[in-house]
Amino acid sequence: MKLLESCRSLTLWAKSLALLTATLGIFTLNACSDNDLVVATSANFAPFEYIDGKEFKGIDMDIAEVIAKKLNKKLVIKDMEFDSVVTSLASGNAHIALSGLTINDTRSKVIDFSQTYFSASQMVIARANDTRFANITTKEELLKTLQSIPNLKIGVQVGTAGEFYAKGDSDWGFEGFHNAQVKSFSNGALAAIAMKNEQIDIVIIDEMPAREIVKANSGTQLIDIALTNEKYAIGIAPNDKELKDSINAILNEIRQDGTLESIINKYYAQ
């Protein structure tokens, strides 16, 4: 797996697309080698992307390494806050993004997406001693229970589908929870700690990170019911048709030869 790599001129990342010009975006990428494949990610979303020692690991990071190798490029991974990942592509600070990105219309207005490579869903994490979720077996029962809790406090990871789901967002088609206060954290692990400390009631986050969080935190439980049906894809800098076509061809290849399945199974939390 690639060690943490740096490209000096890429250290300042956009928090808002409005703060960057197209000229700056071109400069920052051109300052790196033409042989570089610059990948934007937020490495606090295990098992898709995380840092272990001095290495980036996870499903997305393994896919990034395969893509770079097949394109004969040097992989340069840029780690940032999740809500900057899409902006970094739109402003020209990265070629692609691999960061558990769910396809939706809002993101598709500013970046391109590859074919999908993973099906995901939002799930609920609760304290293990929280009996309000006992004997719930369907999505309808779970939603009814959540909607019946007065002043429900929900923790989410900022910028993720879980945040949009909890708060509600018309572009995503999410109604949200009108009985809830939603608190956003920089990552799901911090949300879980807040829940264990009874600062919030539940965490809503993607299934695989949810499983990792529960595995790492005693006193928590996963409510194993899918709230959404989402598709992950690779974000691609807008209007780069050649790169998009190449990545789609690589995804087709690794799907057919079993490489993609092998990568997912390597990290999948049973």
Side-chain angles (χ1 to χ4, degrees), residues 42-53 57-60 81-83 99-100 102 118-169 172 174-230 232 264-270:
S42 182
N44 55 19
F45 197 61
F48 286 91
E49 40 270 329
Y50 60 96
I51 296 173
D52 183 9
K57 291 186 177 180
I59 293 170
D60 286 343
E81 294 297 322
F82 183 79
D83 56 358
S99 198
T102 299
F118 189 83
S119 296
S121 61
Q122 298 302 309
M123 287 192 173
V124 172
I125 303 172
R127 289 186 291 276
N129 61 0
D130 192 335
T131 59
R132 292 175 292 187
F133 304 102
N135 303 317
I136 290 177
T137 58
T138 68
K139 174 182 174 180
E140 291 72 24
E141 291 173 343
L142 178 56
L143 288 175
K144 184 176 180 180
T145 297
L146 292 173
Q147 291 163 352
S148 70
I149 299 172
N151 300 315
L152 177 67
K153 295 181 177 63
I154 304 174
V156 296
Q157 180 172 344
V158 65
T160 63
E163 181 180 48
F164 293 114
Y165 184 82
K167 290 183 175 180
D169 188 282
W172 287 74
F174 296 151
E175 295 183 3
F177 294 93
H178 303 295
N179 59 315
Q181 301 175 37
V182 180
K183 184 172 182 180
S184 300
F185 296 83
S186 60
N187 60 68
L190 291 177
I193 292 171
M195 184 187 69
K196 291 175 68 175
N197 291 334
E198 299 188 1
Q199 297 169 344
I200 56 176
D201 296 300
I202 62 169
V203 176
I204 295 180
I205 197 168
D206 295 60
E207 175 191 356
M208 287 184 69
R211 294 186 186 280
E212 290 290 327
I213 289 168
V214 170
K215 186 168 65 173
N217 288 272
S218 60
T220 65
Q221 62 172 323
L222 178 68
I223 312 304
D224 203 350
I225 297 171
L227 293 172
T228 63
N229 182 14
E230 304 162 36
Y232 287 176
I264 292 171
N265 288 342
K266 173 182 173 182
Y267 292 98
Y268 196 88
Q270 300 294 337

### Under 3.5 Å: donor-acceptor pair, side chain of Lys196, backbone of Ser218
yes

#### Entry: Shortest non-hydrogen contact between Ile213 and Thr220, atoms and distance
O-OG1, 4.4 Å

#### Entry: Heavy-atom side-chain proximity of Lys153 to Gln199 below 4.5 angstrom
no

### Task
Measure across Glu230 and Ala161 and return the closest heavy-atom pair with its distance rounded to 0.1 Å.
OE1-CB, 3.4 Å

#### Entry: Met208 to Pro47 - nearest heavy-atom pair and separation
CE-CG, 3.4 Å

### Task
Could you tell me whether Asn197 atom CG has more than 12 heavy atoms of other residues or ligands within 6.0 Å of it?
yes

### Side-chain heavy-atom pair Ser184, Lys167 within 4.5 angstrom cut-off
yes

### Atom NZ of Lys183 with >12 non-hydrogen neighbours under 6.0 angstrom
no

#### Entry: Under 3.5 Å: donor-acceptor pair, side chain of Asn179, backbone of Ile149
yes

### Query
Do any N or O atoms from the side chain of Asp130 and from the backbone of Arg132 form a donor-acceptor pair under 3.5 angstrom?
yes

#### Entry: Leu142 CG to Ile202 CD1 distance, which is reported to the nearest 0.5 Å
7.5 Å

### Query
Got a salt bridge between Glu207 and Arg211, using NZ or NE/NH1/NH2 to carboxylate O under 4.0 Å?
yes

### Task
Identify the heavy atoms of Ala194 and Phe185 that sit nearest to each other, and give their distance.
CB-CZ, 3.6 Å

### Query
How far does CD1 of Ile223 sit from NZ of Lys139, to the nearest 0.5 angstrom?
15.5 Å

### Check: Phe133 and Leu146 side chains under 4.5 Å, non-hydrogen atoms
yes

### Query
For the residue pair Ile205 and Ala210, what are the closest heavy atoms and their distance?
CG2-CB, 3.6 Å

### Query
Is there a donor-acceptor contact under 3.5 Å from the side chain of Ser42 to the main chain of Phe82?
yes

### N/O donor-acceptor pair under 3.5 Å between Thr138 side chain and Glu141 backbone
yes

### Message
Could you check whether Glu212 pairs with Lys215 (Lys NZ or Arg NE/NH1/NH2 to Asp/Glu carboxylate O, under 4.0 Å)?
### Response
yes

### Task
Please check if the side chain of Lys57 supplies one atom and the backbone of Tyr50 the other of a donor-acceptor pair under 3.5 Å.
no

### Task
Give, for atom CD of Glu140 and atom CD1 of Ile225, the distance between the pair rounded to the nearest 0.5 Å.
9.0 Å

### Query
Rounded to the nearest 0.5 Å, how far apart are CZ of Phe174 and CD of Glu163?
12.0 Å

### Contact summary for Ser186 and Asn44, nearest pair of heavy atoms
O-ND2, 3.4 Å

### Message
Using side chain to side chain donor-acceptor pair (under 3.5 Å), reason through Tyr232 and Asp60 one step at a time and then give a plain yes or no.
### Response
CA-CA 10 Å; Tyr232 287 176; Asp60 286 343; over 6 Å; no

### Query
When rounded to the nearest 0.5 angstrom, what is the spacing between CD1 in Ile204 and CZ in Phe164?
14.0 Å

## Note on the structure
So CG of Leu227 and CG of Asp206: to nearest 0.5 Å the spacing works out to 11.0 Å

### Query
Under a 4.5 Å cut-off applied to non-hydrogen side-chain atoms, are Asp201 and Arg127 in contact?
yes

